[in-house]
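Every number for a ligand or one of its atoms is a count from 1 in the order of the listing.
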Amino acid sequence: MIKTTPQEPKGLYLETFGCQMNVSDSEKIVSLLREVGYHTVDDPGTADLILLNTCSVRAKAESKVYDYLGRYKVRKMRDDRLIIGVGGCVAQQEGERLLKKVPYLDLVFGTHSLHLLPELVRAAERGERRAVTDFIDTETRLNLFPEADDTGAVSRFVTIMQGCDNFCSYCIVPYVRGREISRRSAEIITEIREMTARGVKEVTLLGQNVNSYGLKTPDELHFADLIRRIAAIDGIERIRFTTSHPRDISPELIACFAELPALCGHIHLPAQSGSDEVLARMNRGYTRSEYLATVAALREARPALLMTGDIIVGFPGETEDDFEATLSLLEEVRYVDLFSFVYSERPETAAAGFSDRLTRTVKQGRLERLQRRQREITRDICDAMVGTVQRVLVEGLSRRGDQLTGRTEGNRVVNFAGDPVHIGQLVDVTIIHAYPNSLLGEIHREDETCTGR
Ligand code: 5AD
Ligand code: SF4
């Protein structure tokens, strides 16, 4: 059965869950499907194709997918021409099973199958239900990154590697994203050159473990060299990267923070726990004191560095003393922001077989204590920025539309009154107020001194 004719303009509604990698994949999905006649719409009610780009890092994220699918079921019952698809990490994990579990689902595409999406959608238009979740070989996949849409943005994400070989005992990522694969540096540099020609000023290098970039590829640049090459590209004002594994922060990368002004003074460096016993059971490959030594070296290289991190509380066997060690890590590091999670058991992972599971109440209580303390630290660091002058890359209009918005080098959002002519420019801004999630500023007058970070 033919569901639509090729000439009809078709609407794509795409819902993205999870991390920046998924956000970046979603941009690629949009540009791939535009080539076969689908344009994004904001309302799933008007879409011909509904896609969910999913996350399975924690059980809650996974169950959300089924809630969303349930919502679209009614429409599908009324209109058989509607195509519904699931991609990303839940799709990779479940594959064919998902087609069986959700009888009204038309297609499933895994994390290595984005490039097959136009073909899958065509098949669904013909009434065929398919699931593709093969991990494909390195060489093929590296050539298959479609160019992302040109959005006229000032700041862009650039995927430099995918997958993870670390197998932290709690984490599903190695199973749903596959082994580490680095893109070729020549391709990355060409892509960034093209971006700067279109007005991009800032790139965020993206990967599950960016600082192991190139380590598995003979003759490829290592991460610090890649950053140096990118910093030398005309038009690049700022470079960021995420996410880094603390064990793989090399002296060469630390030197980049000392030597390259374009490398922003912010690092997201997940510790996961402050207890050596828990870190060992998590298979993180570093101790608390090694983590703190890395932090100290980074701060020596770049004294104004702002840090963010990830913490998991309630890992199997976490004692009150272990948790106290995590709280004291917060005091020592002083993250400007922290992403904290209750441990969630994930299929296939080593920790799923660990005993000494904690009760929900204990886990939740610890999360609340941790978050309460972090809120105070965040407030103190941000309050201390009031009165300083920060260099802000202006990215556009604020959400309310009446101010400009941008970010400091340390990745804090700043809103301030100003002429839209500044969009895409670096502007010195005096911070006049700190809110929990953003700063309020005013354009710096020349007679003031610059103390920004
Ligand atoms: N349970 C809770 N949090 C997890 N993360 C990864 N796996 C789990 C899990 N099973 C967190 C880690 C990681 C972040 C992206 O998600 O803190 O850094
Ligand atoms: Fe997961 Fe660990 Fe890999 Fe990060 S480094 S993606 S936490 S396995």
May I ask you to list the atoms of ligand 2 that are less than 4.0 angstrom from any heavy atom of Y170?
7 (S)
In this structure, which one of V386, V413, I431 forms a side-chain contact (heavy atoms from CB on, under 4.5 Å) with L439?
I431
Which label fits H268 and F339: parallel for a plane angle under 30°, tilted from 30 to 60°, or perpendicular past 60°?
perpendicular
Say whether R177 and ligand 2 are in contact under the criterion: heavy-atom distance to a ligand atom below 4.0 Å.
no
In terms of the angle between their ring planes, are F17 and Y68 parallel, tilted or perpendicular, with boundaries placed at 30° and 60°?
perpendicular
The single option from R407, K201, R238 that satisfies side-chain contact (heavy atoms from CB on, under 4.5 Å) with S155 is R407
Polar-atom distance check: R58 versus ligand 1, any N or O pair below 3.5 Å?
yes
Counting only heavy atoms, tell me which of D165, V173, N283, I172 gets closest to atom 6 (S) of ligand 2.
V173
Does an N or O anywhere in Y343 fall below 3.5 Å from an N or O of ligand 1?
no
Just by distance, with hydrogens left out, do T388 and Q390 show a side-chain donor and acceptor under 3.5 Å apart?
yes
Parallel, tilted or perpendicular: which fits the ring planes of Y170 and F315, with parallel below 30° and perpendicular above 60°?
perpendicular
In the protein, which heavy atom is nearest to atom 1 (Fe) of ligand 2, and how far is it?
C171 SG, 2.3 Å
Among S169, G163, C168, closest by heavy atom to atom 2 (Fe) of ligand 2 is C168
Check: R346 N/O within less than 3.5 Å of ligand 1 N/O
no
Taking the non-hydrogen atoms of V173, is any one of them nearer than 4.0 angstrom to ligand 1?
no
